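The block underneath contains the structure these notes are about, expressed in structure tokens.
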Number of protein chains: 2
Amino acid sequence: MTPPAVKLTARRKSRPSFAPLSAHEAELAVFFVRMAGILGVPRSVAEIYALLYASPDAVDFDQVQGRLGMSKGSVSQGLKFLRDHGMILSVKAPGSRRERWQPTPSLAASLVTLLRSQVLPALEQSSPSLERIVAGAQGTQASPEVIERLTRLRRWNARALELFPLMLPPPRDA
Amino acid sequence: MTPPAVKLTARRKSRPSFAPLSAHEAELAVFFVRMAGILGVPRSVAEIYALLYASPDAVDFDQVQGRLGMSKGSVSQGLKFLRDHGMILSVKAPGSRRERWQPTPSLAASLVTLLRSQVLPALEQSSPSLERIVAGAQGTQASPEVIERLTRLRRWNARALELFPLMLPPPRDA
DNA sequence: GCGTATGTTCAAAAATTATTGAAACATCGC
DNA sequence: GCGATGTTTCAATAATTTTTGAACATACGC
């Protein structure tokens, strides 16, 4: 909850035939892991993103798994997450079946998408609930003070709901 | 990581001599817990805040513990957290030793403080690291593409660092 | 169409984070 | 000071989240 100290990325070792992360790649990974932590994005996802971010060329599944030394499952889920949030793009290779990945051009846009995907659902789910709460408070007991607070909360919720969708690209793909 | 479904607050039961949460209080707690989840604030803390938020009068330690049915330890830590982030204020009672708590007037301000306390340290810690990374990339190998990315990242970090402190009240108390 | 390279799923294990509660600590009124 | 009330600490436990890996899908190139 409070800053989890430094916490080095990995005592994991990369699979034999892949280079482990260079010092700078590792440091970048630490950076992304730290930032991701704030939004509750798991370490493995942040590490994958960092790797792509530091790579001049698109990176394929096996390279991710090999260089980061993580399981297939994690790589698959991690790439899915990043894909679903529009944070990475696949570069269809020439005669190969493999997909190769690279970060979406705008990290900023990616972050907004990510943020939205976390916040919007919460706001939406809570909306009716807040209505009920305010109604309830006005109905029965409840001090004016509390009613005032709750009303303000509802106003916020509403405003956030209408502002958020404006903040960027409409729901991606299908 | 993704919306954790509804997840009712508590199968915990309030201690005998305290009223359990009313339906509306409970619903408000769910709301706050949900929002808190986004920032990685633990459920118990959100519940405490919700209780204070829905109470016309300031609430003391025992009432929190009793009505929410949580342990002393949790109440103590929860109140500490909220206190440290300037989200609640103590109302020194007349002839009693007990402290009684109520939410800080501006929830907005509280949120910014909270946000800052999570993000700022991460930004600060990462700053030197990013310098090294960029320097390293420029020094040795590294495609222009990657250097460009990393440089942009550093610029962001720097800008965020100078903007954030402006965003609100300087570090509180001592 | 078939065999295999490429990915995905998902239950079980590991890692992390939150909560509890009993013991230590503090402070107030006397 | 002393006892009582009120709060904090922290090691142990519980709850939650993340990762793993082996079994299962898919579809591509032949």
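In the text below, chain A, chain B and the rest are named by the order of the sequence lines, each starting its count at 1. Keep in mind it's a predicted model, so treat the numbers as computed, not measured.
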Any chance you could measure B/K80, atom NZ, to B/I88, atom CD1, to the nearest 0.5 Å?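 Between atom NZ of B/K80 and atom CD1 of B/I88 there are 11.5 Å.
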Determine: side-chain N/O of A/R83 to OP1/OP2 of C/dT8, distance under 4.0 Å, yes or no.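 Yes, because at least one side-chain N or O of A/R83 sits under 4.0 Å from OP1 or OP2 of C/dT8.
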Nearest to the side chain of [X], which nucleotide is it out of [options]?
X	options	answer
B/S71	C/dG21, D/dC10, D/dT20	C/dG21
B/P42	D/dC28, C/dT9, C/dA18	C/dA18
B/F61	C/dG7, D/dT7, D/dT20	D/dT7
A/S74	D/dT20, D/dT9, C/dT8	D/dT20
A/S44	C/dT19, D/dT19, D/dC28	D/dT19
B/Q77	C/dT6, C/dT9, D/dC10	D/dC10

State which residue, out of B/V59, B/L89, B/L52, B/L82, fulfils the side-chain contact (heavy atoms from CB on, under 4.5 Å) condition with B/P103.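 Output: one option passes, namely B/L52.
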Does B/R149 count as lying over the ring of A/Y53, i.e. NZ or CZ under 6.0 Å from the six-ring centre, within 45 degrees of the axis?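 Yes; both conditions hold, so B/R149 lies above the ring face of A/Y53.
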In whole angstrom, give the distance that lies between atom [atom1] of [X] and atom [atom2] of [N].
X	N	atom1	atom2	value
A/F81	C/dT8	CZ	C1'	18 Å
B/E47	C/dT19	CD	P	8 Å
B/R43	C/dA18	CZ	P	12 Å
B/K80	D/dC10	NZ	P	12 Å
A/I48	D/dT18	CD1	C1'	12 Å
B/L68	C/dA18	CG	P	18 Å
A/L79	C/dG7	CG	P	9 Å
A/Q118	D/dT17	CD	P	13 Å

Under 3.5 Å, is there any donor-acceptor pair linking the side chain of B/K72 to the base of D/dT7?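 Result: at least one qualifying N/O pair found.
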Contact class for A/R97 (heavy atom, under 4.0 Å): base, sugar-phosphate, or nothing?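 It contacts base atoms.
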Both A/V75 and B/V75 contact DNA chain D. Taking the nearest nucleotide for each, which residue is further toward the 5' end?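 This one resolves to B/V75.
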Kindly indicate whether the side chain of A/L107, heavy atoms from C-beta on, has any atom under 4.5 Å from the side chain of B/R152.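 A side-chain contact under 4.5 Å is absent here.
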Is there side-chain contact between A/N157 and B/F31, with heavy atoms separated by less than 4.5 Å?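 When only atoms from C-beta onward are counted, B/F31 and A/N157 do touch, with a gap below 4.5 Å.
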